Amino acid sequence: MPELEVQPTGLLYEGKAKSVYTTADQNELLVVYRDDMTAFNGGKHDIIANKGHLNARACKLFMTMLEEAGVATHFIRMVSETSMLVRKLHMIPLEIIVRNIAAGSLIVRYPFVEGQPLEPPTVTFDYKSDERGDPMIIPEFILALGIATAEELTLMRKTALQINTILKAFFDQSGIMLVDFKLEFGRSNGAIYLGDEISMDSMRLWDKETHESFDKDVYRLGKGDVIHAYTTLLDRILPLERRSS
Ligand code: ATP
Ligand code: TYD
């Protein structure tokens, strides 16, 4: 790792796409976005140059935009092109999936047609467990397992829909549809914060006219050059960055 202004003091967690380090401040972590790209729960894996940088750049944009709209996020600031300082959270082992348009696992598991609008948008929960294949989980099971309280569930659902409204309107300005995305939340000092990342790895984004993908599906489904897709997306949305803030 190049010399950073914030020095990591230990490796806390090495995930499939990011490495998380402790810092001298016990309340702050350094998250490094690596060039690893994975799909199908790690079944497909490649190192793709520049991918970490592109996702970190996108995540900074979305986290900053959400903070400005009043969403509590873990983001503190960028430390390098591929790393950011974040608030340390006790992560809640749930993936909150918001969908505006049917795609991905939804059309495999249920008789939705790809591209079918979901009105109103749906919010569902997956239980984060690699050994169990991240199964979809109903709120009653979340409560029974003590994963989150009823108040926390209500807040996560409400915040997820608020984030959807903000991001959907943002992408719409550049002719892009926010099809679906995944969020993770965590706790710190009794409050709930948005954690992990929002990037092209965790969303589906389609051109409004052509339905061309600008997200991880390009890699998942071998639909072309994923770096070209991610760069094209950033070229379309970054000019809007200042106007949105
Ligand atoms: P998955 O793709 O299922 O999330 P992963 O563990 O391989 O698996 P990575 O994104 O590579 O995912 O790793 C990042 C890890 O850091 C995740 O486990 C995520 O929950 C955790 N994390 C993200 N933000 C924070 C935070 N602010 N505090 C503590 N842990 C965090
Ligand atoms: P979903 O259609 O449930 O799964 P898949 O991507 O396997 O077809 O995904 C919905 C959205 O959530 C999509 O934008 C990808 C994102 N997502 C993640 O980022 N990580 C995950 O582990 C899952 C299941 C989804």
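All ligand and atom numbering here is 1-based and tracks the order in the structure. Model, not experiment: these values are computed from the prediction.
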Tell me: protein heavy atom nearest [atom], and distance?
atom	result
atom 10 (O) of ligand 1	Lys18 NZ, 2.5 Å
atom 30 (N) of ligand 1	Met91 CG, 3.4 Å
atom 28 (N) of ligand 1	Leu89 N, 3.0 Å
atom 4 (O) of ligand 1	Lys128 NZ, 2.6 Å
atom 21 (C) of ligand 2	Glu95 OE1, 3.3 Å
atom 20 (O) of ligand 1	Glu184 OE1, 2.9 Å
atom 24 (N) of ligand 1	Asp196 N, 3.1 Å
atom 18 (O) of ligand 1	Tyr13 CE2, 3.4 Å
atom 12 (O) of ligand 1	Lys16 N, 4.1 Å

Quiz item: So is Gly186 in contact with ligand 1, going by heavy-atom distances below 4.0 Å?
Solution: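 False for this residue.
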Quiz item: Which atom names give the shortest non-hydrogen contact between Val113 and Ala102, and what distance separates them?
Solution: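 Closest approach of Val113 to Ala102: O-CB, 3.6 Å.
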Quiz prompt | Hydrophobic cluster of Met91, others only, ordered by chain and residue number, side-chain cut-off 4.5 Å | solution =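 Listed partners: Leu89, Tyr193.
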Exercise. Considering the heavy atoms of Val86, write down every atom of ligand 1 situated less than 4.0 Å from one of them.
Key: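 Checking each atom against Val86, I get 27 (N).
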Self-check item: Per-atom contacts, ligand 1 versus Val20 - under 4.0 Å to a heavy atom
Solution: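 Heavy-atom distances to Val20 below 4.0 Å select 16 (O).
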Quiz item: Which of the atoms in ligand 2, numbered in the order shown and given with their element, are less than 4.0 Å from a heavy-atom of Ile97?
Solution: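 Under 4.0 Å from Ile97, ligand 2 has these atoms: 10 (C), 12 (O), 25 (C).
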Self-check item: ligand 2 atoms in contact with Arg220 (distance to a heavy atom under 4.0 Å)
Solution: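 Counting from 1, the qualifying ligand atoms are 6 (O), 15 (C).
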Taking 4.0 Å as the limit for heavy-atom contacts, which would you say applies to [X] with ligand 2: side chain only, backbone only, both, or neither?
X	value
Asp180	both
Arg204	both
Asp201	backbone
Lys216	neither

Quiz item: Would one find an N or O of His74, backbone or side chain, under 3.5 Å from an N or O of ligand 1?
Solution: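 There is such a contact, yes.
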Practice problem: Hey, could you give me the CD1/NE2 distance between Ile227 and His53, rounded to the nearest 0.5 Å? | Solution: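 That separation rounds to 10.5 Å.
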Exercise. Could you name each residue pair satisfying ring-ring contact (aromatic ring centres under 6.0 Å, His included) that touches residues 54-94, not counting sequence neighbours?
Key: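 Applying ring-ring contact (aromatic ring centres under 6.0 Å, His included) to every pair that reaches into residues 54-94, excluding sequence neighbours, yields Phe62-Phe171.
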